[in-house]
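What follows is a set of notes on a single structure, which appears directly below.
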Amino acid sequence: MRIGAHVRDSDPVDAAAERGAEVVQFFLSDPQGWKAPKPHPQTEALLASDLTVFIHAPYMINIASLNNKIRIPSRKNVLQHAKAAKTVGAQGLIVHGGHVTKGEDPSEGFKNWRKFFERQMDEGGFDVPILIENTAGGDNAMARSFDALARLWDAVGEFGAGFCLDTCHAFAAGEDLVGIVDRVKAITGRIDLVHLNSSRDEFASSRDRHANISTGTIDPDQLVAVCASAEAPVVVETPDEGQADDIAFLRDRLGR
């Protein structure tokens with residue numbers, strides 16, 4: 001198990017050294033925009049390092065959307081980011097599960113995910129694995145409740161979709177962290193990455209607000225247990241000033 005953090009986009013190598021991170025995650029473009037990624041200035045350094053790299057796709061992406069003006073550019077953006085992620089040696093591209101809007105049939109959102117994977121597999125697949133991440137809120141979300149996650153995996157599991165488990169998102173969505181790894185793997189068969197975050201808010205709040213391990217509302221023992229049982233790389237997406245302490249805490253408790 002390797003442990004690291006979501007770090008500054010411009011200099012992930014230096015940011016990793018500051019935190020004692022073995023894993024880095026970062027954005028390759030504006031997380032709130034649609035622009036295609038440009039070549040990363042630290043590409044050579046990343047490839048020469050022993051860092052495990054993951055790229056997070058922009059938040060605007062919504063593969064499930066029934067709106068063509070959102071879904072079509074979302075598909076294009078994922079492909080652009082997957083191609084760029086490969087150039088920096090990334091092991092995966094994290095993409096949020098997305099949602100349909102109120103009054104729309106969620107089954108159409110799951111179908112849109114299936115069409116995306118199906119179509120791309122016909123074109124030879126993705127440049128890096130696509131890791132779908134569970135989300136914290138929204139009654140019409142594709143990957144908030146585990147009932148929805150099961151429907152999503154019925155649609156995409158056969159195409160090799162990967163999964164990223166976010167502990168804050170699960171906690172905020174009302175999913176008990178005790179035994180969560182077994183419940184996820186019973187659905188997806190895999191966990192490729194853990195976003196190990198505590199929460200600023202209470203259980204089932206539907207609020208996606210991350211906190212450092214020492215200050216959040218999630219029992220640190222539960223967070224350690226998730227890491228221990230997931231057997232996957234771990235990334236803390238917690239406030240910058242506490243990331244080094246979060247990494248050190250996990251290493252100590254996990255005997256690493």
Side-chain angles (χ1 to χ4, degrees), residues 1-32 40-59 85 88-94 96 131 133-134 136 164-172 177 180-181 191-202 205 207-256:
M1 181 197 306
R2 309 196 88 203
I3 303 170
H6 185 101
V7 296
R8 297 186 299 269
D9 303 338
S10 59
D11 61 344
V13 176
D14 295 336
E18 292 168 8
R19 293 157 174 74
E22 301 162 316
V23 185
V24 289
Q25 175 186 283
F26 53 97
F27 294 104
L28 287 173
S29 66
D30 179 359
Q32 301 294 347
H40 195 278
Q42 288 192 340
T43 296
E44 290 186 10
L46 284 163
L47 293 174
S49 76
D50 63 353
L51 291 169
T52 300
V53 177
F54 290 92
I55 298 301
H56 201 301
Y59 298 128
V88 296
Q91 292 193 5
L93 175 70
I94 296 90
H96 285 179
L131 312 184
E133 180 180 355
N134 61 305
C164 173
L165 172 63
D166 188 301
T167 53
C168 174
H169 294 178
F171 183 80
L177 294 189
I180 195 169
V181 168
I191 295 176
D192 300 270
L193 177 66
V194 175
H195 282 172
L196 200 284
N197 306 307
S198 194
S199 173
R200 289 170 57 185
D201 300 289
E202 298 303 318
S205 67
R207 294 175 182 167
D208 178 11
R209 301 199 300 175
H210 300 180
N212 295 108
I213 295 172
S214 63
T215 60
T217 59
I218 302 177
D219 181 349
D221 288 338
Q222 292 184 10
L223 295 174
V224 171
V226 169
C227 291
S229 56
E231 298 181 336
V234 173
V235 164
V236 297
E237 298 178 311
T238 51
D240 287 357
E241 62 273 11
Q243 285 185 344
D245 288 341
D246 288 340
I247 292 169
F249 171 82
L250 292 171
R251 284 215 179 102
D252 178 65
R253 290 292 302 275
L254 293 164
R256 292 214 49 259

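The basis for the numbers below is simple: all heavy atoms, side chains too, and nothing from hydrogens, waters or symmetry mates. A quick note: this is a predicted structure, and the numbers were derived from the prediction, not measured.
Inspection of the H195 and E237 side chains reveals an N or O donor paired with an N or O acceptor under 3.5 Å.
Rounding to the nearest 0.5 angstrom, the gap separating the CZ atom in F249 from the CG atom in L254 is 8.5 Å. One distance of note links CG of D245 with CG of L250; it measures 11.0 Å at 0.5 Å rounding. To the nearest 0.5 Å, the span separating CG on D240 from CZ on R8 amounts to 7.5 Å. Note that CD1 of I55 is 8.0 Å distant from CD of Q25, once rounded to the nearest 0.5 Å. Taking CG of L196 as the start and CD1 of I218 as the end, the distance is 8.5 Å to the nearest 0.5 Å.
Listed for the H210 side chain is no donor-acceptor partner under 3.5 Å among the backbone atoms of V236. Put simply, the side chain of S205 never gets that close to the backbone of A172: no donor and acceptor are under 3.5 Å apart. Judged purely by atom type and a 3.5 angstrom limit, Q42 uses its side chain to pair as donor or acceptor with the backbone of V13. Under a 3.5 Å cut-off, the side chain of Q243 and the backbone N or O of T238 do form a donor-acceptor pair. Between the side chain of N212 and the backbone N or O of P239, at least one donor-acceptor pair lies under 3.5 Å.
A ring-centre distance under 6.0 Å is not found for F54 and H6.
Under the 30°/60° scheme for interplanar angles, the aromatic rings of H96 and Y59 are found to be tilted.
The minimum heavy-atom distance linking L93 with H56 is given by the pair CD1-C, 4.2 Å. Summarising the geometry of S214 relative to D246, their closest heavy-atom pair is N-OD1, 4.4 Å, with the distance given to 0.1 Å. Contact between A15 and V7 at its shortest, heavy atoms only, is CB-CB, 3.6 Å. The shortest heavy-atom contact between A5 and I247 is CB-CD1, 4.2 Å. Listed here is the closest heavy atom pair of V23 and L51: N-CD2, 4.4 Å. Across every non-hydrogen atom of C168 and S199, the tightest pair is SG-CB, 3.9 Å.
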(request) Applying side chain to side chain donor-acceptor pair (under 3.5 Å), run through N134 and D166 and close with a yes or a no. (result) CA-CA 6 Å; N134 61 305; D166 188 301; 5.6 Å; no
(request) Please report the C-alpha distance between H169 and N197 in whole Å, then the side-chain angles of each, then the deciding distance to 0.1 Å, and finally whether the side-chain contact (heavy atoms from CB on, under 4.5 Å) criterion is met. (result) CA-CA 8 Å; H169 294 178; N197 306 307; 5.7 Å; no
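Legend: salt bridge (Lys or Arg N to Asp or Glu O under 4.0 Å) pairs involving residues 21-31, not counting sequence neighbours, sorted by first then second residue: E22-R251, E22-R256.
No more than 12 heavy-atom neighbours from other residues, nucleotides or ligands sit within 6.0 angstrom of CD on E202.
Looking at heavy atoms from C-beta onward, F171 lies out of side-chain contact with D201 at the 4.5 angstrom threshold. Using a 4.5 Å heavy-atom cutoff, the side chains of R2 and D50 are in contact.
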